[in-house]
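Worksheet for the structure shown next.
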Amino acid sequence: MPKTSFDILWIILSSGLVFFMQAGFLCLESGLTRTKNSINVAIKNITDFGIATLVFYSIGFGLMFGSTYNGWIGKDMFFPDFSKTSPETSVFFLFQLMFCGTAATIVSGAVAERMKFGAYIIVTTIISSLIYPIFGHWVWGRSLENWDQFTGWLAHLGFMDFAGSTAVHSVGGWVGLSAMILIGNRTGKYGKDGSVRKITGHNLPLAMLGTLILWFGWIGFNGGSTLAFTSEVPKIIANTMFAASGGMASSLIYGWIRLKYAEATLPLNGTLAGLVAITAPCNAVNSLESILIGLVAGILMFEAGVILDKLKLDDAVGAIPVHLISGIWGTLAVGFFGDLSILGTGLDRNTQILVQLLGVISCAILSFGVSYPLLFIIHRFYSLRVSPQNEYQGLNYTEHRATTELIDLFLEMEYQKQTGDLSQDLSIEPFTEVGQIAERYNLVLDKIRTNIKEKETLAVELEHNLSLLQSDLSTARKIQSGIISQQDKLTGDLEITVRYLPLTEVGGDFFDIMELRPGLTRVFLADATGHGVQAALLTMAIKAIYESLKRGIYSVTEILYHLNNEFLHTFKNLNQFFTCIVVDIDTNLNLIRYSSAGHVPQYLIQDREVHSLEKTGRIMGVIPNTKYTSNEMEFTQDSKLILFTDGLFEQWNSNKEEFGEKRVEAIVGNLKGIPIGEGIDQILNKLDEFLSGSPKQDDISVLGISRKTKK
């Protein structure tokens with residue numbers, strides 16, 4: 001029990017760190033599941049802690065730390081009034097509550113993507129009110145008046161589990177295993193021939209963030225289990241770090257050898273396996289032993305996952321290998337490696353190992369032996385699993401209505417996208433928003449069909465226009481001047497700065513800015529090879545084709561795909577090439593989606609950092625049917641997007657030095673706190689200073705895009 005104010009502060013801080021682990025579990029588990037279920041998993045992680053708090057306060061704390069009944073169960077301290085007790089008792093309850101919440105949330109990952117939300121609340125209630133408190137009493141039960149006196153029967157035998165490898169993690173693992181067996185596997189996980197279908201999570205970087213949060217939170221999980229800020233704390237935290245690193249390294253290397261590639265989730269679960277394993281012995285082992293414990297945990301975690309697949313037991317996020325198997329290993333490691341003088345049980349090595357094994361078996365009997373029958377009975381009257389149809393649609397919508405009726409509309413759109421068949425209109429459901437959207441979408445389809453019919457006529461007209469433009473430079477200049485507006489503009493929620501500097505009367509750069517719908521603006525920027533009349537004529541060809549495509553329903557990748565094909569088909573004799581980038585800016589969703597055909601990297605300034613928009617495909621006009629990919633990036637209120645052609649940095653001064661990409665990027669990095677228009681002018685001024693009167697050698701186009709300043 002904490003004795004000093006500083007001890008109390010340390011336990012409060014540790015409790016905060018352990019609570020923050022809930023955020024880690026949320027990120028990890030939602031990132032390792034599919035998009036259609038990620039919200040459901042996240043909601044479960046939020047809900048289980050709230051349920052655990054109420055249940056542990058009313059029942060669990062009393063069963064765990066009340067006056068003992070023959071070392072088996074507590075019999076008082078229900079609904080404790082901490083306002084009338086010492087702060088030591090209150091902070092102790094707070095810390096133990098965090099452990100209860102951790103045990104409950106482990107189940108969420110194991111049964112993800114097929115358990116009902118209501119069923120999960122039932123499981124959380126069973127763990128928090130019965131299984132975790134009773135086993136906790138066996139191991140950690142003690143008199144609050146006489147703190148050094150343990151009351152649980154396992155503790156009397158000498159069982160040691162410093163921070164809960166078994167008491168927390170194995171408890172959650174056993175309950176998760178029983179729930180997994182009862183509700184079955186995700187549809188399609190295992191084939192009839194025994195093949196295993198790998199179901200990849202929708203957001204692995206989010207899962208990796210969750211792992212780092214858990215790693216950070218484990219400082220409080222293990223370090224706070226001293227219940228006082230003693231000289232042991234630094235060693236415990238160091239051992240925790242060593243074991244986590246060992247688990248990460250062994251799982252990655254061992255898995256790499258077994259699989260022949262570095263599987264993405266191995267460093268995540270390997271790290272967690274090492275953390276779980278060191279939780280029990282972290283106070284009683286040295287640094288090398290901690291690393292060894294982590295190394296073994298990482299290998300056991302990998303092999304446990306293989307065995308689960310052979311047994312056709314579907315663990316969505318690897319909770320059983322990480323928490324159950326590693327928890328068992330860490331508990332036994334107390335007997336194998338623990339310093340007997342630190343353990344202070346008075347047992348010899350062999351007896352300590354046997355007592356640790358007894359604790360593992362006792363946990364299995366209680367956790368699995370209670371949860372499986374209870375859940376089996378409940379399952380007979382109230383199905384714990386969602387229906388196959390709900391599983392197919394995703395638990396986000398079926399359990400929480402987290403999506404809208406647009407799902408049917410999207411499925412039809414996806415069919416058209418995959419097949420390319422635009423001959424049929426979307427079905428219209430009258431008197432709904434979906435019906436209104438479908439009706440307008442059908443109008444767009446009709447326009448596209450008309451455009452397709454007009455394509456050959458347009459091609460003839462384009463060739464005629466090109467021949468006229470070649471004979472009249474003045475006309476070309478006027479046409480290009482009318483096409484490319486050099487004025488700054490406001491489009492929707494965006495402020496757009498335009499700087500267009502052709503090398504001669506006409507240039508080889510072309511850009512177009514169009515609001516597709518409120519909140520969605522499309523920006524197109526192209527750079528034809530060369531400059532002058534030839535490049536200007538090429539931009540006219542690019543414009544003509546782009547104009548026929550831009551109002552369609554095409555995504556940024558599809559725009560580039562069709563633009564490339566139409567250019568090659570219509571102007572195959574030109575033997576000309578160009579780079580371009582299409583950027584969709586969605587101010588409703590605060591993101592941009594772009595696709596770049598060989599275009600130079602562009603810059604996004606966000607959160608005082610500069611991010612590059614790298615190319616996602618080859619240059620235009622080379623190979624037909626070229627596929628392009630797209631990337632998405634956040635575009636928040638303070639974001640600034642700078643789009644430009646390569647003429648901005650491919651400029652040489654009299655000393656034969658190039659202005660260069662690095663110099664441009666360095667200047668952009670200093671534009672974080674100023675308006676985008678001023679920033680672009682600074683870049684151009686720096687270029688003029690660099691050239692010192694030397695003529696420019698290429699066309700320059702720069703577009704600066706930022707959100708409107710809120711008043």
Side-chain angles (χ1 to χ4, degrees), residues 29 33-34 36-37 40-41 43-52 54-56 58-60 63 72-73 100-101 103-135 170-190 192 199 307-317 319-320 323-324 361-401:
E29 294 174 8
T33 51
R34 289 168 288 187
K36 65 180 181 179
N37 300 309
N40 171 262
V41 173
I43 292 175
K44 286 177 179 176
N45 275 272
I46 293 175
T47 305
D48 62 29
F49 187 81
I51 297 296
L54 298 176
V55 174
F56 188 69
S58 57
I59 303 173
L63 293 177
W72 291 95
I73 196 170
C100 179
T105 204
I106 290 169
V107 182
S108 172
V111 298
E113 303 196 298
R114 72 266 201 203
M115 177 176 266
K116 287 181 178 177
F117 183 65
Y120 180 69
I121 292 177
I122 293 174
V123 173
T124 299
T125 303
I126 292 173
I127 294 178
S128 305
S129 65
L130 193 63
I131 298 174
Y132 171 74
I134 291 178
F135 189 77
S170 289
V171 165
W174 284 116
V175 177
L177 180 62
S178 66
M180 279 170 47
I181 294 173
L182 278 170
I183 67 175
N185 307 319
R186 289 171 290 178
T187 302
K189 173 65 177 179
Y190 300 106
K192 294 181 180 180
I199 301 177
I307 293 173
L308 285 179
D309 280 336
K310 289 182 179 179
L311 297 175
K312 294 187 177 180
L313 292 175
D314 181 15
D315 184 348
V317 302
I320 304 306
H323 297 281
L324 176 55
I361 296 172
S362 301
C363 179
I365 294 173
L366 174 66
S367 302
F368 191 87
V370 170
S371 63
Y372 188 87
L374 281 177
L375 294 177
F376 179 82
I377 295 171
I378 294 170
H379 192 46
R380 295 290 299 273
F381 300 97
Y382 171 71
S383 176
L384 302 178
R385 184 180 180 125
V386 299
S387 68
Q389 179 62 28
N390 286 357
E391 184 181 356
Y392 173 77
Q393 287 185 267
L395 276 60
N396 292 351
Y397 175 74
T398 59
E399 290 282 287
H400 311 288
R401 296 301 186 268

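Predicted model only: the values in this text are computed from it and were never measured. Nothing fancy with the numbering, it's 1 onward along the sequence.
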Legend entry - Heavy-atom donor-acceptor pair, Ser58 side chain to Val55 backbone, under 3.5 Å: yes

Legend entry - Among Arg34, Arg385, Lys44, the one residue meeting salt bridge (charged side-chain N to carboxylate O under 4.0 Å, His left out) with Glu113: Arg34

Legend entry - Any donor-acceptor N/O pair, Asn40 side chain to Asn396 backbone, under 3.5 Å: no

Inset, instruction - Check Met115 against Leu395 and note the closest heavy-atom contact, atom names and distance. - result: O-CD2, 3.5 Å

Inset, instruction - Give the minimum heavy-atom separation between Ala112 and Val41, together with the two atoms involved. - result: CB-CG2, 4.0 Å

Inset, instruction - Supply the atom-to-atom distance Thr33 OG1 to Ile199 CD1, rounded to the nearest 0.5 angstrom. - result: 10.5 Å

Inset, instruction - May I ask you to test the Val107-Thr124 pair for a side-chain heavy-atom distance under 4.5 Å? - result: no

Legend entry - CD1-CD1 distance between Ile121 and Ile126, expressed to the nearest 0.5 angstrom: 12.5 Å

Legend entry - Side-chain donor or acceptor of Asn37 paired with backbone N/O of Gly394 under 3.5 Å: no

Legend entry - Glu399 side chain reached by Lys116 side chain, heavy atoms, under 4.5 Å: yes

Legend entry - Least distance between heavy atoms, Thr105 atom then Glu29 atom: O-OE2, 3.4 Å

Legend entry - Donor-acceptor contact present, side-chain Thr47 to main-chain Ile43, <3.5 Å: yes

Inset, instruction - For Phe135, check ring-ring contact (aromatic ring centres under 6.0 Å, His included) against everything at least two apart and list the hits. - result: Trp138

Inset, instruction - Measure the acute angle between the ring planes of Phe117 and His400, then classify it against the limits of 30° and 60° as parallel, tilted or perpendicular. - result: perpendicular

Legend entry - For Gly118 against Tyr382, the heavy-atom pair lying closest together: CA-OH, 3.7 Å

Inset, instruction - Using atom types as modelled and distance alone, determine if a side-chain donor or acceptor of Lys36 lies under 3.5 Å from a backbone N or O of Tyr397. - result: no

Inset, instruction - Ignoring hydrogens and angles, state whether a donor on the side chain of Tyr120 or Asp48 is under 3.5 Å from an acceptor on the partner side chain. - result: yes

Legend entry - Point-to-point distance, once rounded to the nearest 0.5 Å, from NZ of Lys189 to CG of Asp314: 5.0 Å

Inset, instruction - Verify, without hydrogens or angle tests, whether Asn185 (side chain) and Lys312 (backbone) share a donor-acceptor contact under 3.5 angstrom. - result: yes

Inset, instruction - Supply the atom-to-atom distance Leu130 CG to Ile59 CD1, rounded to the nearest 0.5 angstrom. - result: 9.0 Å

Legend entry - Ile131 and Trp174, any side-chain heavy atoms less than 4.5 Å apart: no

Legend entry - Considering all heavy atoms, the nearest Ala110-Met180 contact: O-CG, 3.5 Å

Legend entry - Asp315 side-chain N/O to Ile320 backbone N/O, donor-acceptor pair under 3.5 Å: yes

Validation: residues 367-381 side-chain donor-acceptor distances under 3.5 Å, sequence neighbours left out:
{"unit_1": "Ser367", "atom_1": "OG", "unit_2": "Cys363", "atom_2": "O", "d": "2.9"}
{"unit_1": "Ser371", "atom_1": "OG", "unit_2": "Ser178", "atom_2": "OG", "d": "2.9"}
{"unit_1": "Ser371", "atom_1": "OG", "unit_2": "Ser367", "atom_2": "O", "d": "2.6"}
{"unit_1": "His379", "atom_1": "ND1", "unit_2": "Leu384", "atom_2": "N", "d": "3.0"}

Legend entry - Taking every non-hydrogen atom, the tightest pair across Arg114 and Ala316: NH1-CB, 4.2 Å

Legend entry - Straight-line distance of Leu54 CG to Ser129 OG, nearest 0.5 Å: 12.0 Å

Legend entry - Gap between atom CG of Leu313 and atom CG of Leu308 - 0.5 Å precision: 5.5 Å

